[in-house]
Participant: 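Supplied in structure tokens, the structure appears directly below.
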Amino acid sequence: MTAPGAVEATTTEADADRVFAALANAVRREVLRLLRDGGPQPVQALADHFDMRRPSLSEHLRVLREAGLVSEQRSGRQRIYRLEAAPLAEVQDWLHPYERFWRGRLQDLGALLDRMPDGDVT
């Protein structure tokens, strides 16, 4: 018998996997940056930044859409893409304990270096 929260946890893990997979590609990260900096944009405006065919960019946009990182709105014949930052906040939440870990390690290293006598480096 499956625990009541098990399906939900699996869905959440699958969602996180899709977000991390989407972020693993440099083109998709650049698309997110363009949408962050320039706001909602049509596909052609995004395509102008890349040396690739539109179908290839459309595939990247599909991956980002399925990960919940962008949304698409049709306006006449154009498709306008908009950044959806909520999944990025979830990634940040997941990374936060690791940030605390490394901050602590670096503070420990700094304290050790402060205790070391200054020597003549030759």
Participant: Distance from M52 atom CE to E59 atom CD, nearest 0.5 Å?
Facilitator: 11.0 Å
Participant: Should L46 and L61 count as side-chain neighbours, where that means a heavy-atom distance under 4.5 Å?
Facilitator: yes
Participant: With a 4.5 Å limit on heavy-atom distance, are the side chains of E90 and V19 in contact?
Facilitator: no
Participant: If you count every heavy atom of other residues, nucleotides or ligands that lies below 6.0 Å from Q92 atom CD, does the total exceed 12?
Facilitator: no
Participant: Find the distance between NE2 (H96) and CZ (R103) and round it off to the nearest 0.5 Å.
Facilitator: 7.0 Å
Participant: For the backbone of V43 and the side chain of R79, can you confirm whether one donor and one acceptor N or O come within less than 3.5 Å of each other?
Facilitator: no
Participant: Is the shortest side-chain heavy-atom distance between L23 and L88 below 4.5 Å?
Facilitator: yes
Participant: CG/L57 to CD/Q44 distance, rounded to the nearest 0.5 angstrom?
Facilitator: 9.0 Å
Participant: Do the side chains of V70 and L32 get nearer than 4.5 Å, heavy atoms only?
Facilitator: yes
Participant: Taking atom OH of Y98 as the centre, report whether more than 12 heavy atoms of other residues, nucleotides or ligands fall under 6.0 Å from it.
Facilitator: no
Participant: Establish whether V31 and L83 are linked, either directly or via other cluster members, by ILVMFWY side-chain heavy-atom contacts under 4.5 Å.
Facilitator: yes
Participant: Hey, is the main chain of L34 close enough, under 3.5 Å, to the side chain of Q41 for a donor-acceptor pair?
Facilitator: yes
Participant: Restricting to side chain to side chain contact (heavy atoms under 4.5 Å, CB included), what partner residues turn up for R82, sequence neighbours left out?
Facilitator: P40, S71, Q73, E84
Participant: Are L95 and F101 connected in a single hydrophobic cluster, I mean Ile/Leu/Val/Met/Phe/Trp/Tyr linked by side-chain heavy atoms less than 4.5 Å apart?
Facilitator: no
Participant: Hey, are the side chains of F50 and E30 touching, using non-hydrogen atoms and a 4.5 Å cut-off?
Facilitator: yes
Participant: Please tell me if the side chains of R115 and L112 come closer than 4.5 Å, counting only heavy atoms from C-beta onward.
Facilitator: yes
Participant: Ion pair present between D15 and R18, side-chain N to carboxylate O less than 4.0 angstrom?
Facilitator: yes
Participant: Quick check: closest heavy atoms across P87 and A67, and the distance to 0.1 Å?
Facilitator: CG-O, 4.0 Å
